[in-house]
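FYI, side chains are in, hydrogens and waters are out, and symmetry mates aren't considered; it's all heavy atoms of this structure.
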Amino acid sequence: PTSKKLGLKINLDPDLREAGFGIWEGMTFAEVKEKYKDEYSKWHENYYVRPSWFEGFDIHQNRVKKALERILASHK
């Protein structure tokens with residue numbers, strides 16, 4: 001609604017998506033908890049303990065940072 005009111009185009013950038021959850025993508029937390037009980041429990045107790053298929057915090061942060069830098073550079 002805001003872009004329509006202001007007459008602005010919405011630009012999608014795949015680098016601004018949330019962190020990747022790998023094989024958990026598209027599953028509900030209930031499904032994950034049932035199918036990957038140990039990994040879910042460890043992750044839920046400490047979000048820094050991530051299964052190997054998760055996108056790392058550092059990778060996610062760098063991806064988003066680069067996207068923000070591109071956006072800022074395109075708006076002098």
Side-chain angles (χ1 to χ4, degrees):
T2 302
S3 68
K4 187 174 183 178
K5 183 171 179 112
L6 297 175
L8 299 172
K9 177 184 171 206
I10 295 175
N11 295 313
L12 301 178
D13 188 324
D15 286 339
L16 292 178
R17 69 189 183 285
E18 64 187 10
F21 281 69
I23 59 177
W24 290 3
E25 293 284 339
M27 298 175 74
T28 65
F29 280 118
E31 292 169 332
V32 169
K33 191 174 181 179
E34 182 180 322
K35 191 170 181 178
Y36 300 95
K37 187 174 183 166
D38 291 339
E39 293 91 343
Y40 176 83
S41 294
K42 288 176 186 174
W43 174 70
H44 197 64
E45 289 172 12
N46 179 350
Y47 292 114
Y48 288 95
V49 176
R50 309 183 110 207
S52 61
W53 54 82
F54 272 38
E55 178 179 28
F57 282 124
D58 55 337
I59 295 169
H60 180 235
Q61 181 180 13
N62 287 335
R63 175 171 50 78
V64 171
K65 182 181 176 193
K66 287 179 184 178
L68 293 174
E69 287 170 350
R70 279 194 314 272
I71 292 167
L72 291 171
S74 69
H75 292 76
K76 303 285 181 198

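Residue I10 qualifies as open at atom CD1: its count of foreign heavy atoms under 6.0 Å is 12 or below. Within 6.0 Å of CD in E31 there are more than 12 heavy atoms belonging to other residues, nucleotides or ligands. Around atom CZ of F29, no more than 12 heavy atoms belonging to other residues, nucleotides or ligands sit under 6.0 Å away. At most 12 non-hydrogen atoms from other residues, nucleotides or ligands lie less than 6.0 angstrom from CD of E18.
Rounded to the nearest 0.5 angstrom, E69 CD and S74 OG are separated by 12.0 Å. Atoms CZ and CG, on R70 and L68 in that order, are 9.0 Å from each other to the nearest 0.5 Å. Note: N11 CG to K9 NZ = 5.0 Å, rounded to the nearest 0.5 Å.
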Next on the checklist: Show, in sequence, the C-alpha distance, side-chain angles and deciding distance for T2 and L8, and conclude whether the side chain to side chain contact (heavy atoms under 4.5 Å, CB included) test is met.
Outcome noted: CA-CA 8 Å; T2 302; L8 299 172; over 6 Å; no
Checklist entry - side chain to side chain contact (heavy atoms under 4.5 Å, CB included) between V32 and F21: does it pass, once the steps are laid out? => result CA-CA 11 Å; V32 169; F21 281 69; over 6 Å; no
Checklist entry - Going through the distances and angles, do D15 and V64 end up as a side chain to side chain contact (heavy atoms under 4.5 Å, CB included)? => result CA-CA 6 Å; D15 286 339; V64 171; over 6 Å; no
Item to check | Trace of the salt bridge (charged side-chain N to carboxylate O under 4.0 Å, His left out) decision for E55 with R50 | outcome: CA-CA 9 Å; E55 178 179 28; R50 309 183 110 207; over 6 Å; no
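Looking only at distances, no side-chain donor or acceptor of E45 sits under 3.5 Å from a matching main-chain atom of K42.
Here the closest heavy-atom approach between residue R63 and residue A19 is recorded as NH2-CA, 4.0 Å.
Ring geometry, H44 versus Y47: the interplanar angle exceeds 60°, so the pair is classed perpendicular (tilted spans 30 to 60°). Using bins of under 30°, 30° to 60° and over 60° for the plane-to-plane angle, the ring pair W24/W43 lands in the perpendicular bin.
Both Y40 and W53 are assigned to one and the same hydrophobic cluster, defined by single-linkage of ILVMFWY side chains at heavy-atom distances under 4.5 Å.
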